[in-house]
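To keep things clear, I will list the structure first and then write my remarks on it.
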Number of protein chains: 2
Amino acid sequence: MSHTIGVRQAQKQKTRQALLDAGLRLLAEQSLSSLGLREVTRVVGVAPAAFYRHFRDIPDLGVALVEESLGSLHVVIRAILAEQPGAEERIDRTVAVVEQYVRENPAHVRFIARERHGGVRAVRKAIAAELARFAAEVAAGLREQPVSDAWSDDDVLMLAEMYVDHLVMTASAILDAADDGDAAACDRIAERARRQLRLISLGRLHWTD
Amino acid sequence: MSHTIGVRQAQKQKTRQALLDAGLRLLAEQSLSSLGLREVTRVVGVAPAAFYRHFRDIPDLGVALVEESLGSLHVVIRAILAEQPGAEERIDRTVAVVEQYVRENPAHVRFIARERHGGVRAVRKAIAAELARFAAEVAAGLREQPVSDAWSDDDVLMLAEMYVDHLVMTASAILDAADDGDAAACDRIAERARRQLRLISLGRLHWTD
DNA sequence: CGCGTCGGAGAACGGATGTTTACTGAATGG
DNA sequence: CCATTCAGTAAACATCCGTTCTCCGACGCG
């Protein structure tokens, strides 16, 4: 193994993670700009002052949550881009992956959707920067598909950004429906997303006229 | 004239509107779930207790703001749907109208984009309901276009919802760029929106296969 | 082993919060 | 014209907040 870190640093990271988890949990029913420092420490079971050992303030915790949330989204993008077969299968698989991701990481999805346009500038910027990176990654994936041969790089990026926006929107919509316990609505939204992707896919085929 | 209302009721509506305006102004830099009652009354210049003469609590004020914000959006939708000529002109006009709307009502746009996924359930529901109404209206407009002749009602609604989502996203993106004072970025986003609409429009033409 | 480091505890602070209460005084309407 | 209604005031309430101290005790390293 590379290096066994000390008990000291391990315990620190443990409470740091506990603070992040508590914050994410509390953000299910409020937004970051109303999240209280004491509120978070109370859930974790540490003194308020302990917070400062890990974050400067609440916005700082928010930025850390962005990295955590969108780090796990990275896996999803890779999974979607890796698909090889026809357009129809790729669409089905894409939506299926999104559905699964929302089911397994509901809090992260909610956090990103909520704070993307939320009241904390630093967090908005962090999310925007990360989503831009994803869009670039998606664009690179699209570039390799034969359909994009005659496309300009700018147009490919435009398409990628639309996909990313659509992905976030769909994930958030599924989550909202799931919160209401309405499984039928989830399926409806997934089906709608599939048809919307199909429509975009059709546009792609005839773009070069 | 129909009926001149009393000085009493007029003065009341005046301060009510002042509370709404103050709330909207404060929401430029925070989200609704962190907006304080005293904060709002302080800006208006009335006693905190006076707030209760107009709203039950802050979420209640939020719901009122939704109605005010999306009431003005109604005009925009009408303006877009009224266009007659070719697809290209309609797209240009649509984006132009959105740009103008964002320039004239930045606070309303920010509020809707922010609270659409925000931390206050009642406000989220109100926005979702209102946007669903807009989507239905857009769908009705699309129905009348010859391009949609062979479409099912369900597919037309799916398309309309995509347009509404795209509209909100674009408006919010333009606003963010405008906040940074980056006029060039605004133009870039507008141009991107036009191309995205063109892509969707292309998909529409070949949907019935 | 012994000493420095440092994550966390605990208490204290000044200030801001939402809500309730009793009140004032001007518009209202018979 | 006079009794009533009611939008807004002023003060007091119990809490809660973020931040700053001092201090403790277990870990890290030589």
Side-chain angles (χ1 to χ4, degrees), chain A residues 1-27 29-65 118-123, chain B residues 1-27 29-65 118-123:
Chain A
M1 59 203 67
S2 59
H3 198 260
T4 314
I5 61 166
V7 179
R8 200 78 173 267
Q9 204 162 343
Q11 195 49 261
K12 176 168 183 179
Q13 286 184 0
K14 203 170 167 183
T15 60
R16 184 192 138 100
Q17 189 59 45
L19 288 169
L20 287 170
D21 292 347
L24 200 60
R25 178 144 71 87
L26 290 167
L27 286 173
E29 295 185 0
Q30 61 184 309
S31 23
L32 188 66
S33 71
S34 72
L35 183 65
L37 178 156
R38 297 183 98 106
E39 206 176 349
V40 177
T41 58
R42 199 182 308 127
V43 170
V44 176
V46 297
F51 182 89
Y52 296 100
R53 302 285 183 194
H54 304 275
F55 306 101
R56 207 177 317 117
D57 45 27
I58 286 290
D60 193 30
L61 185 153
V63 172
L65 277 176
V120 182
R121 174 177 293 266
V123 171
Chain B
M1 58 202 71
S2 59
H3 197 263
T4 316
I5 62 167
V7 179
R8 199 77 171 271
Q9 206 160 341
Q11 194 49 260
K12 176 168 183 179
Q13 285 184 2
K14 204 171 168 184
T15 61
R16 184 191 138 99
Q17 190 58 46
L19 287 169
L20 288 170
D21 292 347
L24 200 59
R25 177 144 70 90
L26 290 167
L27 285 173
E29 294 185 0
Q30 63 185 308
S31 24
L32 188 66
S33 72
S34 72
L35 183 64
L37 178 155
R38 296 183 99 107
E39 206 176 347
V40 178
T41 58
R42 199 182 308 127
V43 170
V44 176
V46 298
F51 182 89
Y52 295 102
R53 302 284 182 196
H54 304 275
F55 306 102
R56 207 177 315 114
D57 45 27
I58 286 288
D60 193 29
L61 185 154
V63 172
L65 276 177
V120 182
R121 174 178 292 267
V123 171

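Below, read A as the first sequence line, B as the second, and so on, with proteins coming before strands; counting in each chain starts at 1. Side chains included, hydrogens not; waters and symmetry mates left out as well; all remaining heavy atoms used. Treat the numbers as computed from the prediction; the structure is a model and nothing was measured.
Minimum heavy-atom separation, B/H54 to B/R16: ND1-CB, 3.5 Å. Nearest heavy-atom pair across B/I58 and B/F51 is CD1-CZ, 4.0 Å. Considering every non-hydrogen atom in both B/L35 and B/L26, the closest pair reads CD1-CB, 3.7 Å. Considering every non-hydrogen atom in both B/G23 and B/V40, the closest pair reads N-CG1, 4.2 Å. Shown here for A/S33 and B/S34, the closest heavy-atom pair between the two residues is OG-OG, 3.0 Å. Residues B/L20 and B/F55 approach most closely at CD2-CZ, 3.8 Å, considering heavy atoms.
To the nearest 0.5 Å, the span separating CG on B/D60 from CG on B/L65 amounts to 10.5 Å. Rounding to the nearest 0.5 angstrom, the gap separating the CD atom in B/Q30 from the CG atom in A/L32 is 12.5 Å.
Regarding contacts with the backbone of C/dG7, every side-chain N or O of A/T15 stays at 4.0 angstrom or more from both OP1 and OP2.
The separation between B/R42 atom CZ and C/dA16 atom P is 8 Å, rounded to whole Å. Remark: C1' of C/dA16 and CD of B/Q30 are 14 Å apart, rounded to the nearest angstrom. Put simply, CG on B/L37 is 16 Å from P on C/dA16, counting in whole angstrom units. Rounded to whole angstrom, the span from the CG atom of B/D60 across to the P atom of C/dT19 amounts to 12 Å. Here the P atom of nucleotide C/dT19 and the CZ atom of B/F51 are 9 Å apart, to the nearest Å.
Comparing B/R38 and B/K12 by the nucleotide of DNA chain D whose heavy atom lies nearest to each, the residue mapping closer to the 5' end is B/K12.
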Under 4.0 Å protein heavy-atom contact, by nucleotide of nucleotides 20-29 of chain C - B base, S sugar-phosphate only: B-----BBS-
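For A/E29, there are no side-chain contact (heavy atoms from CB on, under 4.5 Å) partners two or more places apart in sequence or in a different chain.
With a heavy-atom cut-off of 4.0 Å to chain A, the contacted part of DNA chain D has its first and last nucleotide at D/dC17 to D/dG28.
Nucleic acid contact class of A/R16 (heavy atoms, under 4.0 Å, all strands): none.
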